[in-house]
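Computed from a predicted model, the values in this text were never measured in an experiment.
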Amino acid sequence: MAALGMIEVYGYTTSIVVADAVAKAADVKVVAIDKNKPANADKCPVPLVMVVKFEGSAGAVQAAHDAGVKEAKDRGLYITSEVIAGLDESVQWFATLTATGKDKLRNMDKASKK
């Protein structure tokens, strides 16, 4: 089973830059970029928390993770991260869950019903 890497950062732009660093560092696939507005958003450096999720072999995910974490820390917008080697099939579907884009899709559905 593939390994899963997750890097949580502040800000949408940071998540895209981190996803780019991850993809360039090793043979991994970015499977999702998810968003979350924390309850204490007013106290955060950026009021939007993003998580970059990627998968591949355990070695590739670790190398990509290290590159992504470095990029986020260099920007001062790193929160936390994790690598799960041998992700169990029963929870693998969680890796692709994302809230990003759902508002846009919801608005498109409303527009098509008019």
(message) Please enumerate all residues that pass side-chain hydrogen bond (donor to acceptor under 3.5 Å, both in side chains) together with Asn36, with sequence neighbours excluded.
(response) none
Review item, side-chain donor-acceptor pairs of residues 57-67, under 3.5 Å, at least two apart:
{"unit_1": "Ser57", "atom_1": "OG", "unit_2": "Ala60", "atom_2": "N", "d": "3.3"}
{"unit_1": "Gln62", "atom_1": "NE2", "unit_2": "Asp66", "atom_2": "OD1", "d": "2.9"}
{"unit_1": "His65", "atom_1": "NE2", "unit_2": "Ser81", "atom_2": "OG", "d": "2.8"}

(request) Could you list all the salt bridge (Lys or Arg N to Asp or Glu O under 4.0 Å) pairs where at least one residue sits in residues 50-63, not counting sequence neighbours? (result) none
(request) With sequence neighbours excluded, tell me which residues meet salt bridge (charged side-chain N to carboxylate O under 4.0 Å, His left out) with Glu8. (result) none
(request) Applying side-chain hydrogen bond (donor to acceptor under 3.5 Å, both in side chains), name anything that partners Lys73, two or more places apart in sequence or on another chain. (result) none
(message) Could you measure the distance from the CD1 atom of Ile79 to the CD1 atom of Ile7? Nearest 0.5 Å is fine.
(response) 11.5 Å
(request) Verify the cluster assignment for Val69 and Val31: are they in a single hydrophobic cluster under the rule of side-chain heavy atoms below 4.5 Å apart? (result) no
(message) The criterion is side-chain contact (heavy atoms from CB on, under 4.5 Å); which residues satisfy it with Leu48, sequence neighbours excluded?
(response) Tyr12, Lys35, Met50
(message) In this structure, would Val83 and Val52 fall into the same cluster of hydrophobic residues linked by side-chain contacts under 4.5 Å?
(response) yes
(request) Could you note down all residue pairs passing salt bridge (Lys or Arg N to Asp or Glu O under 4.0 Å) where residues 13-26 supplies at least one of them, sequence neighbours left out? (result) Asp20-Lys24
(message) Can you confirm whether Asp27 is buried at CG, in the sense that more than 12 heavy atoms of other residues, nucleotides or ligands lie under 6.0 Å from that atom?
(response) no
(request) Have a look at Phe54 and tell me which of Val18, Leu4, Val22 forms a side chain to side chain contact (heavy atoms under 4.5 Å, CB included) with it. (result) Val22
(message) Checking Lys29 now: which residues fulfil salt bridge (charged side-chain N to carboxylate O under 4.0 Å, His left out) with it, not counting sequence neighbours?
(response) none
(request) Treat each ILVMFWY residue as a node, draw an edge where side-chain heavy atoms are under 4.5 Å apart, and state whether Val17 and Ile33 are in one component. (result) no
